[in-house]
Amino acid sequence: MNKEQENRNTYQINANSKVGEVQIADEVVATIAGMAATEVEGVASMASNITNELVSKLGMRNLSKGVKIDVDSNAVSVDLVLTLEYGYNIPNTSKQVQEKVKSAIESMTGLNVSNVNIRITGVNIDKKK
């Protein structure tokens, strides 16, 4: 294990196994949240201006930008900073993001999501449309 891996915040998600324990880094939870958010139609990008098309070139680590994770007693609080596409209903799109992020984190990690807070910082106006 290198120094970067030792300094990460990790959360134990399975301690009752006879085989061993499972720990997950907060960056993994943030990446799951970022990927789920950008899969919702109407989301242009995360705060870092990363979209799913760019992930393969830049790496998964960049998807955690614009995501803040706070874990307390296996309950996760997520804060997302998003740019939406012009013409999409902000409340409806935000609700879809909240549901998708909550579902993705809970199904992939087993952690409970207490809330998903969204801050819209921009609207992408694509002149090609």
For V116 against Q98, the heavy-atom pair lying closest together: O-NE2, 2.8 Å
OG of S114 to CG of D72, rounded to nearest 0.5 Å, is 8.5 Å
Taking the side chain as every heavy atom from C-beta outward, state whether D79 and V67 have any pair of such atoms under 4.5 Å apart. no
For residues E41 and Q96, report the shortest heavy-atom separation together with the two atoms involved. O-OE1, 4.4 Å
Distance, nearest 0.5 Å, that separates OG1 of T93 from CD1 of I120: 8.0 Å
In terms of side-chain heavy atoms, does E21 have a donor or acceptor partner in Q23 at a distance below 3.5 Å? yes
What's the spacing between E106 CD and I32 CD1 if we round to 0.5 Å? 11.5 Å
To the nearest 0.5 Å, atom OG of S94 lies from atom CG of L84 at 6.0 Å
Any heavy-atom pair between the side chains of N112 and V76 that's under 4.5 Å? no
Drop me the distance from M35's CE to T38's OG1, to the nearest 0.5 angstrom. 6.0 Å
Between S77 and N115, is any side-chain donor less than 3.5 angstrom from a side-chain acceptor? yes
Answer whether the closest heavy-atom distance between the side chains of V43 and E85 falls below 4.5 Å. no
Student check: side-chain heavy atoms of V78 and I69 closer than 4.5 Å: yes
Please round to the nearest 0.5 Å and tell me the distance separating atom CG of L80 and atom CE of M46. 5.0 Å
So, the side chain of S103 versus the backbone of E99: is there a donor-acceptor pair under 3.5 Å, distance only? no
Criterion side-chain contact (heavy atoms from CB on, under 4.5 Å) against V29, the qualifying member of I105, V71, D70: I105
Do the non-hydrogen side-chain atoms of V101 and V113 ever get within less than 4.5 Å of each other? no
